[in-house]
Amino acid sequence: MNLLIVESPTKAKHIQHFLGSDWQVKASLGHVRDLEKSGDKSHVRPPDFKMNYAVNDTKHKDIVAGLKSAARNASAVYLATDPDREGEAISWHLCQVLGIKSAEARRVTYQEVTESAVKKAIANPRALNMKLVAAQEVRRGLDRMVGWEVSGPLSNLIHTKASAGRVQTPALRLIVERERAIQAFKPTSYFQVIAHLPGSTPGTTWRALWQDGTKEGEYFQDKTLASALAAAIPSLPFTVTQADSRPTRKAPAPPFTTSTLQMDGSRALKCGAEDVMKAAQSLFEDGHITYHRTDSPNLSEEGETLLRNALQSAGLPIIGQPRRWKAKGDAQEAHEAIRPTFDKVPPSAEVAGEDAIQQALYALIRKRAMASQMPDAVYQQTSCTLNGGTFQNRPAVFRAVGSILTDPGWRTLYMETEEGEEDGGAEKEAANPVPVLKIGARAQAERGEVLNKSTKAPPRFTEATLIKALEDHGVGRPSTYASIIKVLYSREYMQRKGKAPALYPTATGESVIDALVGRFAFADLDWTREIEDGLDQITNGMGNARGLLQQAWDAIQQGLAGMPVGAVAATEACPVKDCGGQVKRLESKKKPGSFFWACSNRDQHGLLQDDAGHPGLPFADRPQAESQGTGPQCPKCKQATGQFTTSTSKIYFRCQKCSGAWWPDKENAQALGTKWKKR
């Protein structure tokens with residue numbers, strides 16, 4: 001029997017169904033191990049920047065034990081984790097815990113969880129791509145280095161628990177700086193003058209805008225002149241000095257990439273980017289869509305054929321040659337764009353998935369992918385310039401532009417989601433049915449109108465527009481955007497107010513940015529983009545992993561050197577025998593003025609007492625009060641508590657395992673009463 005290891009139980013169950021009894025398909029449940037969580041081994045530091053891994057939780061210890069047992073009894077082990085950099089690293093970690101040599105690993109990848117794709121991948125296994133593994137390992141090391149080295153000093157500086165992150169910090173900076181730009185913004189009032197003219201059919205009108213002659217960045221603010229011109233418009237002798245009418249074409253958007261899926265999905269479905277990615281993950285694992293972590297906008301030949309056949313079956317128009325799009329400069333294009341597989345549901349089915357979000361997202365993916373192979377939408381765009389002579393020594397020149405949809409093309413199937421005003425979208429204008437006019441023709445307006453307008457502050461980010469900004473600035477990668485946003489919420493660095501999608505920084509978030517910007521390079525957008533480029537070079541086998549880690553380390557140390565005195569706690573050798581860790585003196589938050597010492601080797605012993613400014617004995621080594629009797633059962637561990645007395649001879653019960661303490665019950669002295677609190 002062969003063993004195939006995937007990441008999720010859902011995918012394992014789905015694949016097991018069509019591979020049959022000759023195969024055992026088991027799930028790793030994501031990463032089976034991660035960097036050590038405590039002690040000196042948890043740090044990533046020079047000179048070698050060694051990364052020490054461990055299976056850190058009980059659940060994965062059980063999973064690893066099960067995988068080892070299955071691997072021992074298997075004829076061959078195939079690693080089918082996700083087909084990206086992180087999936088490659090998970091396969092490498094599996095090799096490490098299962099004792100499989102990297103060069104002998106059978107790595108299989110597929111873009112869709114369908115029977116044909118999986119069986120084809122199994123028939124063509126490859127070795128591990130150690131370039132991808134190295135890039136992911138460096139990424140993890142960089143994140144640990146920033147978090148472990150900077151979070152403590154940051155917390156000391158802003159006097160609250162805080163964390164620094166390599167990509168979360170520049171993302172937070174965008175939100176904070178946008179909020180401050182909004183608060184500092186002062187609106188400018190200005191005026192526009194509109195001429196309303198009769199249309200080519202009775203009861204219709206079209207609009208022309210006065211060209212007020214202001215330069216870029218300037219605004220017309222003479223209300224008296226604007227009102228006078230509007231009143232005079234019906235009497236102005238307009239002559240057509242320019243006229244044009246031509247068809248314009250609009251191509252469909254490419255199929256979704258990871259970033260555009262998160263942007264459009266969160267807007268259209270009115271949910272968070274994390275919800276979009278969870279729904280996409282489920283659709284992929286159930287075999288409904290291709291892999292959803294991709295930065296390529298193009299389809300495979302198989303995908304193009306599948307979609308074009310679906311359009312033909314539906315009686316929808318198809319463009320002559322399959323479309324191709326140019327990917328962004330930093331795109332890896334390892335996978336095709338996101339599309340439906342039409343494996344478990346037919347092309348005619350508009351929805352697939354287990355819940356409302358999955359079904360709505362599938363419909364969006366299906367329509368956008370199919371629309372990408374349909375003809376352009378065609379508009380007839382008509383424009384004209386009207387000259388009304390001069391008015392109060394100013395040219396009375398008006399300009400009108402309008403367009404009418406003449407052939408919907410791809411819009412028959414798909415309508416793009418539009419940015420709302422919270423997203424920073426422009427105000428939508430009503431259709432302007434400008435008639436086809438001839439140069440030299442005369443025109444007379446029915447009436448004039450003054451529009452009182454005001455400049456607007458830049459809009460607050462939403463999750464959709466924040467993702468767009470992160471992509472534009474090269475911060476993180478599309479597969480990390482949802483997790484970046486999740487961290488900013490969980491750390492309470494940003495928030496939403498009510499149901500509106502706008503993002504606001506919290507006071508803590510602003511304090512973090514004030515503490516980091518100007519001190520640490522990772523808070524700068526350019527530096528973060530350079531690091532991402534360095535990681536991509538490692539992926540391509542052209543970068544220096546240790547050099548990139550050293551570059552980041554040097555930048556962090558430079559930032560720490562610029563922190564105020566006392567922010568970076570001084571350390572010294574731990575006095576506990578055979579410990580070998582470093583201890584630092586910290587002040588108790590519950591008892592200001594009281595100090596203790598914390599050791600980097602937290603697994604070796606507990607906190608140390610403060611002995612006149614020097615590290616003393618561990619608190620656990622202090623003489624413990626002896627129990628004076630047995631008390632009631634502890635509600636947590638179910639073991640008997642001990643009976644003790646306070647310094648004022650009052651009896652209380654304490655669990656020596658859980659450290660909980662209670663006063664005796666007022667009615668039954670042998671039962672636990674209210675929880676004990678030190679007065």
Side-chain angles (χ1 to χ4, degrees), residues 35-36 40-52 85 134-158 162-177 330 469-477 480-481 483-484 487-488 491 493 509-540 542-571 582 584 600:
L35 294 172
E36 293 268 13
D40 285 345
K41 288 185 177 181
S42 67
H43 290 268
V44 179
R45 288 172 170 166
D48 57 358
F49 295 103
K50 183 180 179 182
M51 299 182 205
N52 298 286
R85 187 158 51 191
Q136 180 62 26
E137 198 175 18
V138 172
R139 177 186 291 276
R140 186 69 187 95
L142 288 169
D143 291 342
R144 173 58 64 90
M145 190 187 297
V146 171
W148 250 237
E149 303 298 331
V150 181
S151 295
L154 172 63
S155 300
N156 294 337
L157 183 59
I158 68 174
S163 72
R166 183 180 62 85
V167 288
Q168 80 186 38
T169 300
L172 177 60
R173 179 178 182 175
L174 289 171
I175 295 168
V176 169
E177 291 185 346
D330 57 357
L470 293 174
E471 185 176 44
D472 290 345
H473 288 290
V475 175
R477 283 294 178 259
T480 66
Y481 295 155
S483 61
I484 291 170
V487 167
L488 294 178
R491 300 291 184 191
Y493 290 165
E510 293 196 55
S511 296
V512 167
I513 291 304
D514 289 339
L516 297 177
V517 171
R519 289 193 176 101
F520 290 93
F522 66 81
D524 296 334
L525 299 173
D526 290 341
W527 189 87
T528 305
R529 183 174 59 250
E530 290 170 7
I531 291 294
E532 291 292 345
D533 291 343
L535 290 168
D536 289 341
Q537 289 179 4
I538 294 171
T539 299
N540 297 327
M542 300 167 60
N544 184 329
R546 185 168 295 183
L548 193 62
L549 289 166
Q550 186 68 57
Q551 176 189 344
W553 175 265
D554 292 343
I556 289 170
Q557 296 309 305
Q558 184 178 350
L560 290 172
M563 295 283 272
V565 176
V568 183
T571 62
Q582 294 286 312
K584 57 184 176 182
S600 59

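Quick caveat, the model's predicted, so the values are computed rather than measured. Note that the numbering runs from 1 along the sequence shown for the chain.
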Trainee: Rounded at 0.5 Å granularity, tell me how far CG in Leu172 sits from CD1 in Ile513.
Mentor: 4.0 Å
Trainee: Please check this pair: side chain of Arg529 against backbone of His473, looking for a donor-acceptor N/O pair closer than 3.5 Å.
Mentor: yes
Trainee: Roughly how far apart are Arg166 CZ and Leu142 CG, rounded to 0.5 Å?
Mentor: 5.5 Å
Trainee: Just by distance, do the side chain of Arg139 and the backbone of Leu535 share a donor-acceptor pair under 3.5 Å?
Mentor: no
Trainee: Give every residue pair that meets the side chain to side chain donor-acceptor pair (under 3.5 Å) criterion with at least one member in residues 543-552, sequence neighbours excluded.
Mentor: Gln550-Asp554
Trainee: Show your reasoning for whether side chain to side chain contact (heavy atoms under 4.5 Å, CB included) applies to Thr480 and Glu532.
Mentor: CA-CA 12 Å; Thr480 66; Glu532 291 292 345; 6.0 Å; no
Trainee: Side-chain contact test, heavy atoms from C-beta onward, threshold under 4.5 Å: evaluate it for Tyr481 versus Val475 and give yes or no.
Mentor: no
Trainee: Taking the side chain as everything from C-beta on, heavy atoms only, tell me whether Val176 gets closer than 4.5 Å to Val517.
Mentor: no
Trainee: Walk me through it: do Glu149 and His43 pass the test side chain to side chain contact (heavy atoms under 4.5 Å, CB included)?
Mentor: CA-CA 8 Å; Glu149 303 298 331; His43 290 268; 3.2 Å; yes
Trainee: Specify the closest pair of heavy atoms between Ala545 and Val138, including all atoms of both residues, with the distance to one decimal.
Mentor: CB-CG2, 3.5 Å
Trainee: Rounded to the nearest 0.5 Å, what separation is found between the CE atom of Met51 and the CZ atom of Arg140?
Mentor: 9.5 Å
Trainee: Is the backbone of Lys584 close enough, under 3.5 Å, to the side chain of Thr571 for a donor and an acceptor to pair up by distance?
Mentor: no
Trainee: Quick check for you: to the nearest 0.5 Å, what is the distance between Trp148 atom CH2 and Ile556 atom CD1?
Mentor: 13.0 Å
Trainee: Given 3.5 Å as the limit, does a donor-acceptor pair link the side chain of Gln168 with the main chain of Ser163, or not?
Mentor: yes
Trainee: Compare all side-chain heavy atoms of Leu549 with those of Trp553 and state whether any distance is below 4.5 angstrom.
Mentor: no
Trainee: Would you find a donor on one side and an acceptor on the other, under 3.5 Å apart, between the side chain of Arg144 and the backbone of Glu36?
Mentor: yes
Trainee: Find the distance between CZ (Arg477) and CG (Asp536) and round it off to the nearest 0.5 Å.
Mentor: 4.5 Å
Trainee: Do you know the tightest heavy-atom contact between Ser155 and Ala162?
Mentor: OG-N, 2.9 Å
Trainee: Are any of the side-chain heavy atoms of Leu470 and Leu174 separated by less than 4.5 Å?
Mentor: yes
Trainee: Identify the heavy atoms of Ala515 and Leu157 that sit nearest to each other, and give their distance.
Mentor: CB-CD2, 3.6 Å
Trainee: Which heavy-atom pair separates Gly165 from Pro170 by the least distance, and what is that distance?
Mentor: O-CD, 4.3 Å
Trainee: Just verifying a value: how many Å separate Asp143 CG and Phe522 CZ, rounded to the nearest 0.5 Å?
Mentor: 11.0 Å
Trainee: With side chains defined as the heavy atoms from C-beta onward, is the minimum distance between Leu516 and Val150 less than 4.5 Å?
Mentor: yes
Trainee: Can you find a heavy atom in the side chain of Arg173 that is under 4.5 Å from one in the side chain of Asp524?
Mentor: yes
Trainee: Taking atom CD as the centre, does Gln557 end up with more than 12 heavy-atom neighbours from other residues, nucleotides or ligands that are less than 6.0 angstrom away?
Mentor: yes
Trainee: Under the side chain to side chain contact (heavy atoms under 4.5 Å, CB included) rule, what do Thr528 and Thr169 come out as? Steps first, then yes or no, please.
Mentor: CA-CA 10 Å; Thr528 305; Thr169 300; over 6 Å; no
